[in-house]
2 protein chains.
Amino acid sequence: MSIHQMAAFADTATQLHPLVFPSAQVQPISLYGGDSEIYGQGEQAGALYQIEFGAVRLYRLLADGRRQISAFHLAGEVFGFESGDTHHFFAEAICATGLRVIRPAHGADLSRQLLPLALKGLVRAQEHLLVLGRQSALERVAAFMLDMAERQGGLETFDLPMSRTDIGDYLGLTIETVSRIISQLRARGIIRLKTLRTVELLKPNALRDISE
Amino acid sequence: MSIHQMAAFADTATQLHPLVFPSAQVQPISLYGGDSEIYGQGEQAGALYQIEFGAVRLYRLLADGRRQISAFHLAGEVFGFESGDTHHFFAEAICATGLRVIRPAHGADLSRQLLPLALKGLVRAQEHLLVLGRQSALERVAAFMLDMAERQGGLETFDLPMSRTDIGDYLGLTIETVSRIISQLRARGIIRLKTLRTVELLKPNALRDISE
DNA sequence: CGAGATCTTGATCTGACTCAAGAGTCGTGG
DNA sequence: CCACGACTCTTGAGTCAGATCAAGATCTCG
């Protein structure tokens, strides 16, 4: 999608999962190209971001460049809330992405709205700990495919907006291992790739069996 | 500590980090022996728990028994808040533990008090994702030792209330690997074990170098 | 002091990583 | 519309960190 197409789309975009933020200033949609930074670790926090279209990765880096993506966020989801007043992570658009920026009015109390989001994120992160700590490469990729399918409406065909490198950095695997496992799932007739980034689930239950 | 000693201590225990929960019923301290369940996955949630003394593990299980401890909680900390109305994890006392149970009054809104705790937990969990996804066994154990030391006041000597098995299930390692790494840190003069569960940091900066 | 649990150490194995080519895909410009 | 070039993805061969299997050693507590 070109920047021009993005701008045209943004004009007509509707708020997918409307959030009621009283006494907060909801700005028009900001556009981000692929691989562009939304905020960086250490930056001043404060705004919230709701994804209108596109996808976002949140990640941390080690000094030597090792990267762990802690979460992907898709259309409709909200991110950007922090503990303390600075960001603990990097946020980047994965592909062409439109964000609705919400800047709470000074002194406004959004805890009622944010608590459910924070708790949801906490459960998600803790479940991901189980994947990274205790599951095999095959189990990780299977669980990832199911998660992406469910978050895109549960259809049998869905997109992977992110690269194999991103998937590896999310699952704690190398790009080669991710690729090998995808090939294996393909060879076993469990998934089919319509394109490199479009997956068709042929046997979703086989994936469920694998990921336990 | 026997149950009698626990009871005697509980009578005089003070609330370490008092939380103000208006319109919530704060009950007397409940006592738990080592390895006793506080709540289970799927149980009705609702109460909050503040640790007066002792330590707690939160964990999830896979069908075949693999376990991932998502967090340890020490004296003064609060746990038990959930997304939705059922628990997503198991909570167990690690050793003799006293808990102050807080049951919010029906309809009470604690989001203002809980949001900072949930956000803190979220950052903690996401940082732990980096450890599990991208760090070596040596880096994991080093980071764990530093974390435990800091959370017990930053002294050079601190306790490990949990077993090697617990540490392994928290760090995504086997008990043998944890033991080997501890032996290696000992051989390098970085730590000393006063007892099996009491660690003395001889070179905390060496640990910091290892864990980056 | 003794028995069971917990922890340590050794030997071997293996799943995932690393290094190294190739193949495929996609956007660009002629 | 096609051809080029760069990037992403796949596949193969060899290696290694951590798992597994198997004893021992040490600790704890009755």
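Labels below follow one simple rule: chain letters A, B, ... track the order of the sequence lines, proteins then strands, and each chain is numbered from 1. Remember, it's a predicted structure, so these values are computed and weren't measured experimentally.
Classification of B/Glu77 and B/Arg151 as a salt-bridged pair holds, one side-chain N sitting under 4.0 Å from a carboxylate O.
Between the side chains of A/His88 and A/Glu82, at least one donor-acceptor pair of N or O atoms lies under 3.5 Å. Residues A/Gln44 and A/Tyr39 have side chains that never bring a donor and an acceptor to within less than 3.5 angstrom of each other.
Contacts of B/Thr174 with the nucleic acid, taken as non-hydrogen atoms under 4.0 Å apart, include base atoms. Counting non-hydrogen atoms under 4.0 angstrom, A/Gly172 reaches the backbone sugars and phosphates but no base.
Here the side chain of B/Ala137 is nearest to one of C/dC7, C/dT9, D/dG18, namely D/dG18. For A/Ser136, whose side chain is taken as the heavy atoms from C-beta onward, the closest listed nucleotide among C/dT8, C/dA16, C/dT25 is C/dA16.
The interatomic distance linking B/Met162 (CE) with C/dC7 (C1') rounds to 16 Å, in whole Å. Between the CD1 atom of A/Ile191 and the P atom of D/dT10 there is a distance of 9 Å, given to the nearest Å. Taking atom CG on B/Leu185 and atom P on C/dT9, their separation rounds to 12 Å, with Å as the unit. Rounded to an integer number of Å, the gap from CZ of A/Arg134 to P of C/dG15 is 16 Å. To the nearest angstrom, C1' of C/dC7 lies 7 Å from CZ of B/Arg164. Whole-Å rounding puts the B/Gln184 CD to D/dA17 C1' distance at 12 Å. Between the CD1 atom of B/Ile175 and the P atom of D/dG24 there is a distance of 18 Å, rounded to whole Å. At whole-Å resolution of the value, CD1 in B/Ile181 and P in C/dC7 are 16 Å apart.
For the pair A/Arg67 and A/Tyr59, the cation-pi test (distance below 6.0 Å, angle within 45°) is passed.
Regarding contacts with the backbone of C/dT9, a side-chain N or O of B/Ser183 is found under 4.0 angstrom from either OP1 or OP2. Taking side-chain N and O atoms only, A/Ser179 has no distance below 4.0 Å to OP1 or OP2 of D/dC9. Put simply, A/Arg197 has a side-chain N or O that comes within less than 4.0 Å of OP1 or OP2 on D/dC9. Of the side-chain N and O atoms in B/Thr177, none sit less than 4.0 angstrom from OP1 or OP2 of D/dG18.
At a cut-off of 3.5 angstrom, the base of D/dC21 holds at least one donor-acceptor pair with the side chain of B/Glu176. You'll find a donor-acceptor pair under 3.5 Å spanning the side chain of B/Arg180 and the base of C/dG10, going by distance alone.
A donor-acceptor distance shorter than 3.5 angstrom exists from the side chain of A/Gln152 to the backbone of A/Asp159, with no hydrogens or angles considered.
Residues A/Thr195 and A/Gln135 each lie close to DNA chain C; by heavy-atom proximity, the contact nearer the 5' end of the strand is made by A/Gln135.
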